[in-house]
Amino acid sequence: MKFLDLIRLVLGNLNRRKGRVALTAIGVVIGTAAVVVLVSLAIGLQRNANEQLYGIGDLTQIQVSPGYSMEEVGGGRGMSGVKVAMAGGGSGGGSSTGTTLLTNDALDTLRALPGVVAVIPRDFFYGGITIKYKRLEGGANIIGVGSSNLGELGLKAGQGSLDLGKGTIIIGSQLANNFYNPYLRPGQEPPSPPDLYDQSLSFIFIKWDNEGNEIRKTVALHVVGVLTETLGESDWSIYMGLDDLKAYNEWVSGTRINYNKSGYNQVVVKVDSVDHVVDVNDQITALGFQAYTPLSFVQGINNFYQILQVIFGGVGAIALLVAAIGIANTMAMAILERTREIGLMKAIGATNRDVLTIFLGEAAGIGFVGGLGGVLIGWLSGQALNVVAIVYLAGQVSTQGGAPPSVAVYTPAWLPIFALLFSTLIGLISGLYPALRAATMVPVIALKYE
Amino acid sequence: MEDTFIRIRGLKKHYLMGGTLVRALDGLDLDIPRGSFSVVMGPSGSGKSTLLYLVGGLDRPTSGQIEFNDQRLDEMDENQLAAFRRRMVGFIFQSFNLVQSMSAAENVAFPMQFAGLPGKERTLRAQAALESVHLADRALHRPGELSGGQQQRVAIARSLVNDPALILADEPTGNLDSTSGISIMQLLSELHHAGRTILVVTHDPRMVPFATQCIFLLDGVTVSESAYRAAAGLK
């Protein structure tokens, strides 16, 4: 039997009992719609969560700190970090703790790891600070970066450049909001945030001597760039060259800092692709350093949402399972009613396979028609849910802050196709037993059936 | 010597009905010549229809042989039997067995779908078959819109479309009035004269004049006409 003839025959047979087919298909419609809406909801939630999570920072970066451990680590792999013996703390007995320092040699080792694009040391300012711009004052997180271009950290310039030189700084997108007028009288309108790009800011570094006297040092630094918003640490930070920062920290501590001896406090390792981050992270940990990547957190969240998708999809699938019983029942009834027709088909030359294909086709047809309706209703319900949810969530964001949601329910292109194939498959499986019964009927018994 | 088309030897069909063993056919020997018009007569339960279904490959014998054109039907598997029914046999039933949702032309073309013929050829052949039973003008009518005689003509047209060598008819006039019955007998006779082998199972004695061979069955075996008449209480 030709495929087109089969399709025509199946459609004709389904058309013959429209009412029953429609009632059976409604079950499939509900099940498929439930699968589409619930899985879309889980995917939408995941996308929203990811959008919020990407604010954590560049997922291709790993933050590395010196390692503290109880035993030798990494020595067999050309470890070039410096191990420093420390006191055992009284309770250690024979054991000793060691610190794996982030010296320049250690940085070279990190650079040699496969997939590593850049290794950038960072440090923070440890003293007190006040920043002045005209009559305004503010504070900030000051970060020294061992790189002449912040682009290496995945940052982007909103204004100016990303190049750091001596005596220059690059500021985060929200920093201007940190400035306030200390001389503002009650009732006076606070000034709008200043445009700090290409301006000089006065940095007043503060330290205290042994008698508790405050010592100040004022330095003018020029803003050569303003970063774009990242929703992360950089938005509220000031970036300067590591050498500049080192000089200010030396002034605060009153001692010379030798990174080759004391090691860096933190190093950012930039990896070529998100796919390699976990692997590089593991290698760094194996070298004895502490490594942290937000990717593992994001992956954990993603795993959670994937489980949620499976659970939601499972709930929809239960509805489809109920529909499958309906299809099986409808097909069993159809076969009883059409027993003589089955006998006739065999008498005029239909093989068992022909009969099986016809009845399987009808069952799959009910699944397909129901699936089509379900996909349509599921998609429309998703859109309606989106409108309602976005209005509600946007209202929440305006009162509680945070990034506004783009969508609440997201239906990827594969989902309707999958749902349609799945509902057709459910129909096919439901029709298997009745169709097999039809196919294996003895023709003469079928013809004599009353 | 006549050319034997169907050779039946020691054919038995036994089955259980409500715990009782029914011997529908009990060692039947029969030869059906090529191009004959054979009429099988016998009282109810004599095994007429069982014989017809076994010859048509719709049922399997308990034992015995059915040779059709030197092919053993009783040794064929399901697919071979389906192919045999498709190519060699045309069935006509007492209750017509037309698909009610299909038009007359679609019913006639139905067997050709399983033969895998292209749509255009199916339409042409169905039209020709309907013309041969004088129903070309009713091609688009559904069975419910046709009389009993017309429905049986559609069934005859359907039995002809695959150009089978053998036509098997099970009580073809059983559900028809006498006029329609006669016209169906004449139609079968026309098919016989066109060279086909016809095997008809019937109670209707009016079929006998059209026959070239009459077979009388009693209790699953062939008997002489006189034995049959005595058993049936006929003169």
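In the text below, chain A, chain B and the rest are named by the order of the sequence lines, each starting its count at 1.
Only the side chain of A:Leu9 comes within less than 4.5 Å of a heavy atom in chain B; its backbone stays farther off. Heavy-atom distances place no part of B:Leu168 under 4.5 Å from chain A, backbone and side chain included. When heavy atoms are compared at a cutoff of 4.5 Å, B:Gln113 approaches chain A by way of both its backbone and its side chain. Proximity to chain B is limited to the side chain of A:Asp354, based on heavy atoms less than 4.5 angstrom apart. Looking at B:Pro118, both its backbone and its side chain come within 4.5 Å of chain A, counting heavy atoms on both sides. In this structure, the portion of B:Phe93 lying under 4.5 Å from any heavy atom of chain A is its side chain and not its backbone.
Scored by the salt bridge (charged side-chain N to carboxylate O under 4.0 Å, His left out) test, B:Asp74 finds B:Arg72 as partners (sequence neighbours excluded).
For residues 146-160 of chain B, a heavy-atom distance under 4.5 Å to chain A picks out B:Arg158, given by residue number.
Contact count against chain B (heavy-atom pairs under 4.5 Å) is highest for A:Leu344 among A:Leu6, A:Leu344, A:Val442.
Ion pairing of A:Lys448 with B:Asp59 is absent here, as no side-chain N (NZ or NE/NH1/NH2) approaches a carboxylate O to less than 4.0 Å.
Note that CZ of A:Arg8 and CD of B:Glu106 are 10.5 Å apart. Values are rounded to the nearest 0.5 Å.
Within a 6.0 Å sphere centred on CG of B:Asp77, other residues, nucleotides and ligands contribute more than 12 heavy atoms.
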